[in-house]
There are 2 protein chains.
Amino acid sequence: MNASRKTIERLSHYRMVLSRLSGQGVQNIYSRELAALADCTPAQVRRDLMVTGYEGNPKHGYNISELKKSLDVFFDFKGNLVAVIVGAGSLGRALIAYFMPKKTMYDIVAAFDSDMNKTGRLINGTPCFHINEMVEKLHDLKPDIALVTVPAESAQEVALKLVKSGVSGILNFAPVRLKVPEKVYVENIDVTMSLEKVAFFSRQYREEKNNG
Amino acid sequence: MNASRKTIERLSHYRMVLSRLSGQGVQNIYSRELAALADCTPAQVRRDLMVTGYEGNPKHGYNISELKKSLDVFFDFKGNLVAVIVGAGSLGRALIAYFMPKKTMYDIVAAFDSDMNKTGRLINGTPCFHINEMVEKLHDLKPDIALVTVPAESAQEVALKLVKSGVSGILNFAPVRLKVPEKVYVENIDVTMSLEKVAFFSRQYREEKNNG
DNA sequence: TCTTAGCTGTTAATTTTTTCACAGCGTGAA
DNA sequence: TTCACGCTGTGAAAAAATTAACAGCTAAGA
């Protein structure tokens with residue numbers, strides 16, 4: 001079972017699509033249909049699903065609820081994952097607000113910030129502590145993963161503390177590449193970079209359209 | 001000049017790293033050093049930079065300010081890009097707050113939302129209009145790109161309106177894949193998916209650590 | 001001036017990812 | 001029961017991305 005990052009990405013997306021369909025009462029789906037919804041190819045869907053072990057039926061395609069169950073098992077969603085968020089700026093608070101109401105498998109159990117105005121109170125139901133208390137609190141909370149929304153300058157320092165406290169996965173929004181030991185997984189979300197990609201390719205597409 | 005998405009991503013990241021270094025007074029950099037900062041390999045850096053046309057010096061590596069200038073030209077940052085944001089929820093407002101103060105090349109000239117409480121006023125200096133006025137406003141503003149932070153249910157509808165108004169690039173935060181005509185570029189940022197990746201791989205890494 | 005160390009630019013090899021293509025199967029119809 | 005359609009699962013081919021390898025160059029030192 002060696003699934004690439006790309007495959008995991010897509011499997012996660014399939015899971016979301018299937019949840020939506022399941023809620024709409026749809027029962028079966030073909031690789032072709034799932035591919036259309038997930039914006040990839042049917043072959044990709046079939047190949048990706050191989051890693052989950054679930055097999056479809058040549059006549060009816062995949063049974064949505066069973067496939068979803070397989071994906072849940074694959075992603076090992078037994079219990080909720082304990083997460084903390086470091087940086088309670090506007091982005092951090094937006095993320096808390098986003099994950100709080102949803103019954104997701106991620107429990108954001110604490111936020112940390114260096115701004116005294118933000119600490120010592122609840123942010124959307126999540127307690128916010130001062131960054132100086134972080135190491136101590138992490139010791140108690142034992143989070144699995146962390147979301148980092150601090151400025152670029154402090155991201156590396158924060159990551160180091162997180163790793164020392166046993167965090168093995170980081171979702172990093174700061175536009176720097178964190179240096180972490182092997183066996184700590186870092187995923188970066190860099191909005192500026194993504195915007196730049198949009199700017200670049202949209203212009204390229206536009207020019208192609210004008211020329212061709 | 002056929003740069004892949006991956007290459008564009010990295011070039012954008014190099015640009016950011018170089019800006020930072022430039023501000024610190026560093027003048028030259030080797031591919032090896034840039035690679036370390038951008039978390040990739042030296043060969044990758046050299047290969048990526050080929051597309052910009054800028055050539056380094058075997059003795060001193062790359063001149064940072066000149067390379068940055070080449071990247072600016074490559075990304076064609078003559079003037080600012082006109083952007084709008086659709087959806088002024090917590091994420092949308094966080095993004096406005098993020099891009100406003102920075103002197104970036106992205107001018108977010110308007111926000112749109114369906115919630116009357118948010119419309120008809122400024123959000124962090126950006127005017128927020130009701131979504132019903134969007135088509136009309138887009139006609140005047142002629143934005144190049146759009147950021148979409150509406151719920152998944154309305155994202156497709158919004159995208160359609162944007163495309164009709166001539167937007168050729170969309171940065172989509174909703175967890176659906178938008179159907180747009182060819183020649184419109186869509187980049188997706190899906191926080192839940194990214195978190196799921198972190199959860200999956202961090203666990204895998206942890207298990208590998210325990211077993212090996 | 002000549003030598004040398006160590007870099008860049010670029011081609012070639014390798015690895016990874018995607019796509020193709022089709023055997024095999026389950027179902028519904030005859 | 002038998003047939004045929006159209007799907008899945010998967011090995012093989014193709015394409016894309018990464019890495020290795022090295023010729024060629026530049027500047028510093030002898």
Side-chain angles (χ1 to χ4, degrees), chain A residues 1-14 17-18 21 26-71 74 177 188 193 197 200-201 204, chain B residues 1-14 17-18 21 26-68 70-71 74 177 193 197 200-201 204:
Chain A
M1 181 261 276
N2 38 4
S4 72
R5 296 191 177 194
K6 290 275 185 71
T7 295
I8 295 300
E9 237 172 64
R10 282 190 300 262
L11 285 175
S12 168
H13 191 66
Y14 302 154
V17 168
L18 293 171
L21 290 172
V26 189
Q27 292 194 349
N28 294 290
I29 193 168
Y30 295 124
S31 62
R32 170 168 44 81
E33 299 170 309
L34 184 49
L37 291 169
D39 196 27
C40 60
T41 67
Q44 218 160 27
V45 168
R46 296 203 298 274
R47 186 160 278 281
D48 288 342
L49 294 186
M50 280 175 72
V51 306
T52 70
Y54 176 72
E55 300 212 343
N57 172 309
K59 196 63 184 179
H60 300 303
Y62 304 96
N63 179 287
I64 289 183
S65 73
E66 283 184 26
L67 175 52
K68 204 167 124 2
K69 223 176 288 170
S70 288
L71 283 170
F74 179 76
R177 292 300 169 267
N188 296 293
M193 201 175 80
K197 261 168 86 180
F200 180 84
F201 284 112
Q204 194 173 75
Chain B
M1 182 259 274
N2 37 5
S4 71
R5 296 191 177 193
K6 289 275 185 72
T7 294
I8 296 299
E9 237 172 65
R10 282 190 301 261
L11 285 174
S12 167
H13 191 66
Y14 301 155
V17 169
L18 293 171
L21 291 171
V26 188
Q27 291 192 349
N28 294 290
I29 193 167
Y30 295 123
S31 62
R32 170 169 43 81
E33 300 169 308
L34 184 48
L37 290 168
D39 197 26
C40 60
T41 67
Q44 219 159 24
V45 168
R46 296 203 297 277
R47 178 162 278 281
D48 288 342
L49 294 186
M50 280 175 72
V51 306
T52 70
Y54 177 73
E55 299 211 343
N57 172 309
K59 198 63 185 178
H60 300 302
Y62 304 96
N63 178 287
I64 289 183
S65 72
E66 284 183 25
L67 176 52
K68 204 167 125 0
S70 288
L71 284 170
F74 179 77
R177 292 300 169 267
M193 202 177 77
K197 262 168 85 179
F200 180 84
F201 284 111
Q204 194 174 74

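Note: hydrogens, waters and symmetry copies are ignored here, and every other heavy atom, side chains too, is used. The structure presented is a predicted model; accordingly, all values stated were derived computationally and were not measured. In what follows, chains carry the letters A, B, and so on, assigned in the order in which the sequence lines appear, proteins first and then strands, with residues in each chain numbered from 1.
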**Message:** To the closest 0.5 Å, what do you measure between CG (B:Asn57) and CD (B:Glu66)?
**Reply:** 10.0 Å
**Positions of residues 26-34 of chain A (non-hydrogen atom under 4.0 Å from DNA chain D), listed by number** = A:Tyr30, A:Ser31, A:Arg32
Could you list all N or O pairs between the protein and nucleotides 21-24 of chain D that sit under 3.5 Å apart?
residue	atom	partner	partner atom	Å
D:dA21	N6	B:Arg46	NH2	3.2

**Fill in**
Distance col, row A:Arg47:CZ vs A:Thr41:OG1, nearest 0.5 angstrom, shows 10.0 Å
**Request:** Find the distance A:Arg47:CZ to D:dA12:C1' and express it as a whole number of Å.
**Result:** 9 Å
**Request:** For the pair B:Leu71 and B:Leu11, evaluate side-chain contact (heavy atoms from CB on, under 4.5 Å) and give the outcome as yes or no after the intermediate values.
**Result:** CA-CA 8 Å; B:Leu71 284 170; B:Leu11 285 174; 3.7 Å; yes
**Request:** Go through the structure and list residues passing side-chain hydrogen bond (donor to acceptor under 3.5 Å, both in side chains) with A:Thr52, not counting sequence neighbours.
**Result:** none
**Prompt:** To the nearest angstrom, how far is B:Glu55 atom CD from C:dC7 atom C1'?
**Reply:** 13 Å
**Sub-4.0 Å heavy-atom contacts from residues 6-14 of chain A onto DNA chain D, ordered by number** = none
**Message:** Rounded to the nearest 0.5 Å, what separates atom CD in B:Glu55 from atom CG in B:Leu67?
**Reply:** 12.0 Å
**Message:** Within the 4.5 Å heavy-atom criterion, are A:Phe74 and A:Leu49 side-chain neighbours or not?
**Reply:** no
**Prompt:** How large an angle, rounded to 10°, do the end axes of the helix from C:dT1-D:dA30 to C:dA30-D:dT1 enclose when each is built from five base pairs?
**Reply:** 0°
**Gap between atoms CG and P, on B:Asp48 and D:dT19 respectively (whole Å)** = 11 Å
**Non-neighbouring partners of A:Ser4 that pass side-chain contact (heavy atoms from CB on, under 4.5 Å), sequence neighbours left out** = A:Lys6, A:Thr7
**Exercise: identify the closest heavy-atom pair between A:Cys40 and A:Tyr14** = SG-OH, 3.5 Å
**Message:** C:dT19, OP1 or OP2 - any side-chain N/O from A:Thr41 closer than 4.0 Å?
**Reply:** yes
**Request:** Check side-chain contact (heavy atoms from CB on, under 4.5 Å) between B:Ala36 and all other residues, then give those that pass, not counting sequence neighbours.
**Result:** none
**Request:** With sequence neighbours left out, write down each residue that passes salt bridge (charged side-chain N to carboxylate O under 4.0 Å, His left out) with B:Lys197, or none if nothing qualifies.
**Result:** A:Glu9, A:Glu187
**Message:** Tell me the interatomic distance from A:Leu67, atom CG, to D:dG9, atom C1', rounded to whole angstroms.
**Reply:** 14 Å
Without placing hydrogens or testing angles, list every side-chain donor-acceptor pair under 3.5 Å for residues 26-35 of chain A, not counting sequence neighbours.
residue	atom	partner	partner atom	Å
A:Tyr30	OH	A:Lys59	O	2.8
A:Ser31	OG	A:Arg46	NH1	3.3
A:Glu33	OE1	A:Tyr30	N	2.8

**Message:** Has B:Tyr62 got a side-chain atom pairing as donor or acceptor with B:Tyr54's backbone, closer than 3.5 angstrom?
**Reply:** no
**Distance-minimising heavy-atom pair for A:Arg10 and A:Asp48** = NE-OD2, 2.6 Å
**Prompt:** In chain order, what residues pass the side-chain hydrogen bond (donor to acceptor under 3.5 Å, both in side chains) check against A:Ser12, with sequence neighbours excluded?
**Reply:** B:Glu196
**Asked** Residues two or more places apart in sequence or in another chain: which of them pass side-chain hydrogen bond (donor to acceptor under 3.5 Å, both in side chains) with A:Asn188?
**Response** A:Asn172
**Request:** Could you tell me the separation between the CZ atom of B:Arg5 and the C1' atom of D:dT18, rounded to a whole number of Å?
**Result:** 19 Å
Every protein N/O lying under 3.5 Å from an N/O of nucleotides 27-30 of chain C:
residue	atom	partner	partner atom	Å
C:dT27	OP1	A:Asn57	ND2	3.2

**Asked** If only side-chain N and O atoms of A:Gln44 are considered, is one of them under 4.0 Å from the OP1 or OP2 phosphate oxygen of C:dT19?
**Response** yes
